[in-house]
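Below, each value reflects all heavy atoms present in this structure, side chains not excepted, and no hydrogens, waters or symmetry copies.
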Amino acid sequence: MASGDSDFSSRPSSARIYDALLGGNHNFAADREAAQNLLAAIPLAGDMARANRAFLHRAVQYMLDRGVRQFLDVGSGIPTVGNVHEIAQRRIPDARVIYVDIDPVAVAHSNDILKDNPWAAAIQADMRFPEAVLEHPSVRRLIDVNEPIGLLLVAMLHFVPEDDAYQAVDALRSALPPGSYVVISHGVLDTPADAKEQEITALYRRTDVSAARGRTREQILRFFGDAEIVEPGLVWVHEWPGGGNGDPAGMAVVAAVAQV
Ligand SMILES: C[S@@+](CC[C@H](N)C(=O)[O-])C[C@H]1O[C@@H](n2cnc3c(N)ncnc32)[C@H](O)[C@@H]1O
């Protein structure tokens, strides 16, 4: 995507900064500059993004192994290699996938990729208004609320402010039938990244999400409510089963999966 050729080009977005970190090409000069600034503050930011993406893949495989056939990926981002529908439909051709993102560029790219896919769709919605997600015509058309659903909130809740985040996740989780799963990865406090908090806050203040704030492990666990967290619990994102090597000392993202 060439820089300077869109209304979106001057203001970075969290979705496109993340795409730039992952080496994608759906981003503008302002996003690439923000990604460079993020890497200057947190040199492992690219590793974290890749480890996070790999966790998402493993979590989807985990849910497929347990019979989940439909997925709601909230804060899904710019489509990149190994999207949820690619992983799921490789094993279950009619697995249903709904992508939800606040970023219009992410949703436009997703719908472009999905135009010939009858079992997947992308919708633009702000998860702080969960009813808008749950009652969206595409969700009602593709998701059967009587069958287990895999709810993915991967690397996105640290962009959602306190009060909104808990009420929204509670509403989404409460809508899930028994046997469903909640998958969360999240920026965590009490890591070396804390020292860069002011720089990161200033960087994201210029974007569409306004803020990026880690939470404590206890605060992150609260998102799961009464759902039962599966082994090994809340761990560094690369340490969730099946992951590769990583540097726990430099990581600032944790992850867990729970069954409703
Ligand atoms: C870091 S990306 C993560 C993408 C993907 N989940 C992954 O882990 O690879 C965070 C995404 O959350 C989206 N997002 C942030 N706040 C949101 C909100 N209130 N509602 C929906 N999406 C949101 C951003 O637009 C961005 O695409």
Side-chain angles (χ1 to χ4, degrees), residues 1-56 73-83 99-113 122 124-128 153-161 164-165 185-189 191-215 237-238 246-247 249-255:
M1 196 179 281
S3 61
D5 56 358
S6 151
D7 291 344
F8 300 109
S9 62
S10 57
R11 189 179 181 212
S13 89
S14 68
R16 285 177 271 126
I17 294 170
Y18 185 71
D19 182 60
L21 282 179
L22 287 169
N25 54 11
H26 296 310
N27 49 70
F28 300 103
D31 305 307
R32 292 189 286 279
E33 188 187 331
Q36 284 308 322
N37 292 339
L38 189 57
L39 282 167
I42 306 180
L44 282 182
D47 290 346
M48 284 186 220
R50 283 182 287 278
N52 179 71
R53 209 57 215 164
F55 160 71
L56 178 139
D73 184 0
V74 177
S76 47
I78 307 264
T80 182
V81 176
N83 295 296
Y99 295 107
V100 182
D101 206 281
I102 200 170
D103 184 320
V105 175
V107 175
H109 284 307
S110 303
N111 274 325
D112 194 39
I113 285 175
Q124 188 185 352
D126 183 339
M127 65 83 70
R128 289 175 292 177
L153 295 153
V154 178
M156 70 85 53
L157 286 170
H158 39 249
F159 297 121
V160 185
D164 293 333
S185 69
H186 198 300
V188 68
L189 293 176
T191 73
D194 292 2
K196 305 292 180 175
E197 191 188 341
Q198 284 185 350
E199 283 163 75
I200 294 165
T201 302
L203 193 149
Y204 277 99
R205 193 175 295 131
R206 293 185 51 225
T207 73
D208 56 337
V209 292
S210 309
R213 255 180 231 111
R215 293 187 167 91
V237 71
H238 64 280
D247 171 10
M251 279 286 163
V253 181
V254 291

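- Contacts classified as ring-ring contact (aromatic ring centres under 6.0 Å, His included) and involving residues 29-51 (residues at least two apart or in different chains) are not found.
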Return all side-chain donor-acceptor pairs below 3.5 angstrom for residues 38-50, not counting sequence neighbours, or 'none' if the list is empty.
| residue | atom | partner | partner atom | Å |
| --- | --- | --- | --- | --- |
| Asp47 | OD1 | Arg50 | NH2 | 3.0 |

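- Using a 4.5 Å heavy-atom threshold, the side chains of Arg53 and Asn83 count as touching.
- Asp101 is linked by a side chain to side chain donor-acceptor pair (under 3.5 Å) to nothing, counting only residues two or more places apart in sequence or in another chain.
- The side-chain heavy atoms of Pro12 and Arg206, taken from C-beta on, include a pair separated by under 4.5 Å.
- Arg215 is linked by a side chain to side chain donor-acceptor pair (under 3.5 Å) to Glu162, His186, counting only residues two or more places apart in sequence or in another chain.
- Evaluation of the side chain to side chain contact (heavy atoms under 4.5 Å, CB included) rule for Ser14 yields Phe159, Tyr204, Asp208, Val209 as partners, not counting sequence neighbours.
- Inter-residue side-chain proximity for Arg205 and Thr201 is flagged as met; some heavy-atom pair is nearer than 4.5 Å.
- Looking at every heavy atom in both residues, Leu203 comes nearest to Ala34 through CD1-O, 3.6 Å.
- When the side chain to side chain donor-acceptor pair (under 3.5 Å) test is applied to Asn52, the partners found at least two apart in sequence or on another chain are Tyr18, Ser185.
- Judged as a side chain to side chain contact (heavy atoms under 4.5 Å, CB included), and not counting sequence neighbours, the contacts of Ala35 are Ile17, Ala20, Leu21.
- Scanning for side chain to side chain donor-acceptor pair (under 3.5 Å) contacts around Ser13 gives Arg16, Asp103, with sequence neighbours left out.
- Summarising the geometry of Ala106 relative to Ala15, their closest heavy-atom pair is CB-CB, 4.4 Å, with the distance given to 0.1 Å.
- Of the possible polar contacts, none joining the His158 side chain to the Ala212 backbone as a donor-acceptor pair under 3.5 Å is found.
- Side-chain contact check for Glu199 versus Lys196: some heavy-atom pair is nearer than 4.5 Å.
- Screening Asp19, Asn27, Asn37 for a side-chain hydrogen bond (donor to acceptor under 3.5 Å, both in side chains) with Arg32, the sole residue that qualifies is Asn27.
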For His109 and His26, run side chain to side chain contact (heavy atoms under 4.5 Å, CB included): C-alpha distance rounded to whole Å, both residues' side-chain angles, the deciding distance at 0.1 Å, then the answer. CA-CA 8 Å; His109 284 307; His26 296 310; 3.3 Å; yes

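- Applying the side chain to side chain contact (heavy atoms under 4.5 Å, CB included) rule to Arg128 yields the partners Ile102, Asp126, Val160, Pro161, Asp164; only residues at least two apart in sequence or on another chain are considered.
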